Amino acid sequence: MRKINIIHKIWESPTFTTWGSFLSKSLYAVLLLPVITTVLSPEDITIWLLFNILIGLQNLGDLGFGVTFIRVMSYAMGGAVDISGFTKSSRPARTNGPNYELLEKSDSATRYLLFYTSLAFIIIIALSGYFTLKKPISLTIQQGNAWIAFGLILITTFVRFNGNRYSIFLQGVNHVAMLRRWEAIISVLSIFSGFCVAILTRSLLWLIVNQQVWAIIQMLFNRYLCRNIMEGRFRRFIHKGLDKDLVRAIWPAAWKSWTGSLMSYGVVQASGLVVAQIGTTPTVSAYLFSLKILDIIKNFSNAPFYSKIPLYNRLFAEGNMNGLLARVENGIRYSLLTFSVAAIFVGIAGQPLLNLIGSNVSLVPVWMWIAMSMAYFLERYGALHLQLYSITNDIVWHIANGVSGLIFITMSFILTTFAGYGVISFPLALIISNLSFFVWYTARKSYKYFKFDFPGFEYRTSFFPLLLMTAYILFRLFV
């Protein structure tokens, strides 16, 4: 009986199911990506990795409304009456149960806003993608198939983008465990079918077809889940159009969130697009491949904290600060620890494993991996504090990421143009931007609001992960 209870607890746990989702997606790096690096040419590998950067940029296309509506729906489930009353120092009146009227208005607004923003987003991606891909595609043999694959990505991205409302709803009403559980199952199926496609066709085009078909299946299944939870309430929602008062209330938080994402995730991913224009094929492939691996590690390490954000929002709306902060400490500690362990493992074993399978692409050199890993670790630390402070609905992403993003762009330009450091300029610039502003600014915000004890809080959260990273760096540099 005890064993059954443990299994049920894991099955229903947002953290474990999010880990399961990210772990299944990590099979992409363990199973599918190594196969792709052996069956495709170096030129096609570069195009494949650039396609994945462009696909990932859809996270920026909703102008910040996605993450904001997740927060609003979480507040609604906590009984919030009026979102406009939320500030960093006060919370509005609450009902005794969930506010389904606010939930319905939020879903309706999400539906309309995603449609209009997706139209603009697709045009931007089409234009930027064309100019970014023009040089890499010109170096491959099957240029026609590469452009067909790009067209398919644009079409399916538009469909998936509008379908994000289902994922937003499931997270907002705190059905994170259910969402991530099925994401894990569908992800495993897509990876194994991708494995078969890669082996049998050795075709970039068919790999993209496989990837996009499963993305549509995931979106349709999320729709099915929305319609079958909460006694089918989602099916009974009446979409009366855009509630302008609600949009006006959340717009400041949305644009600030979007600006922050653009100046953090956006500029880092853009560095890969820049490298594709200035570097040789081996250099570009190594950098894009390493960037992809670090993104997978980052997403996997997010699970202990990010999976609980809807719960954090709800506890904050309910005024349960003790319950909130106890969970936050665990989330930050395990998130940073997961990142450290995974980055160290890849840094030590990654290249030998690639050599073993005869991969056509390699990781960046050791000193480059150290710089990239440390840059991402610092970014994770600051991002966790930023997400924590955002629970108060005082959104400062535009300041935190905006200023650090400008520092990153400036330092990247200086290090590449005047210092001549080449590709390593980008991780060095990210380290400088994080240390000079992002890390201390975001930590100061959460420390000040939640009144943390600095030595005690850091010892319980970041000390051991940082110790691991430091030991790894010293080991690689001096042993």
Side-chain angles (χ1 to χ4, degrees), residues 26 28-57 128-143 145-147 149-150 153 191 194-195 197-199 201-208 211 268-298 343 346-347 349-373 375-376 412 416 421-428 430:
S26 297
Y28 171 91
V30 175
L31 179 62
L32 184 55
L33 197 53
V35 171
I36 291 174
T37 63
T38 59
V39 301
L40 296 184
S41 67
E43 292 78 14
D44 282 348
I45 293 171
T46 298
I47 296 170
W48 166 265
L49 293 169
L50 287 172
F51 278 160
N52 279 272
I53 289 177
L54 292 172
I55 292 170
L57 290 178
S128 61
Y130 171 77
F131 291 108
T132 300
L133 293 166
K134 191 174 181 179
K135 177 185 174 182
I137 288 180
S138 69
L139 301 176
T140 189
I141 297 176
Q142 296 181 322
Q143 297 180 26
N145 283 350
W147 287 117
F150 180 52
I153 287 172
I191 288 168
F195 179 86
V197 168
I199 294 295
T201 69
R202 295 176 174 264
S203 167
L204 173 66
L205 174 59
W206 283 108
L207 281 169
I208 292 296
Q211 183 186 46
V268 171
Q269 294 301 308
S271 70
L273 304 180
V274 173
V275 169
Q277 311 306 312
I278 65 175
T280 61
T281 296
T283 301
V284 172
S285 297
Y287 181 77
L288 294 179
F289 182 74
S290 301
L291 199 64
K292 181 66 177 178
I293 295 298
L294 277 170
D295 274 334
I296 292 172
I297 293 173
K298 181 188 76 172
V346 173
Q351 192 56 53
L353 290 174
L354 290 173
N355 294 337
L356 183 65
I357 65 173
S359 171
N360 290 325
V361 68
S362 62
L363 285 172
V364 292
V366 171
W367 43 270
M368 182 77 156
W369 180 261
I370 289 174
M372 294 177 73
S373 299
Y376 266 69
S412 296
T416 53
Y421 283 180
V423 178
I424 198 173
S425 300
F426 298 106
L428 288 179
L430 188 57

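Residue indices begin at 1 and follow the sequence shown. Fair warning: this is a prediction, and the values are worked out from it, not measured in the lab. Quick note: numbers below take in every heavy atom, side chains included, and nothing from hydrogens, waters or symmetry partners.
For W147, the CH2 atom counts as densely surrounded, since its 6.0 Å shell holds more than 12 non-hydrogen atoms of other residues, nucleotides or ligands.
Looking at heavy atoms from C-beta onward, N52 lies in side-chain contact with K292 at the 4.5 angstrom threshold. Counting heavy atoms from C-beta on, the side chains of L288 and W48 never come closer than 4.5 Å. I297 is not listed as a side-chain neighbour of Y376, based on a closest heavy-atom distance of 4.5 Å or more.
For T140, the side chain to side chain donor-acceptor pair (under 3.5 Å) test picks out D44, with sequence neighbours left out.
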Contacts under 3.5 angstrom, residues 361-370 side chains, donor-acceptor by atom type, not counting sequence neighbours:
| from | atom 1 | to | atom 2 | distance (Å) |
| --- | --- | --- | --- | --- |
| W369 | NE1 | A343 | O | 3.2 |
| W369 | NE1 | S373 | OG | 3.1 |

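The minimum heavy-atom distance between I55 and Q211, with the atom names listed, is CD1-OE1, 3.5 Å. Closest approach of L291 and M372 over heavy atoms only: N-CE, 3.9 Å. Taking all atoms of both residues into account, the shortest heavy-atom contact from V39 to A198 is CG2-O, 3.9 Å.
Ring-plane geometry between F150 and F51 is classed as parallel, the angle between the planes falling under 30 degrees on a 0 to 90 degree scale with a further cut at 60.
Side-chain N/O atoms of S359 and T37 include a donor and acceptor closer than 3.5 Å. Side chains of S285 and T46: a donor on one and an acceptor on the other come within 3.5 Å.
S138 places a side-chain N or O within donor-acceptor distance of the main-chain N or O of K135, the cut-off being under 3.5 Å. Within the 3.5 Å criterion, the main-chain N or O of G422 finds a donor-acceptor partner in the side chain of S425.
A distance of 7.5 Å separates CG in L133 from CD1 in I47, rounded to the nearest 0.5 Å.
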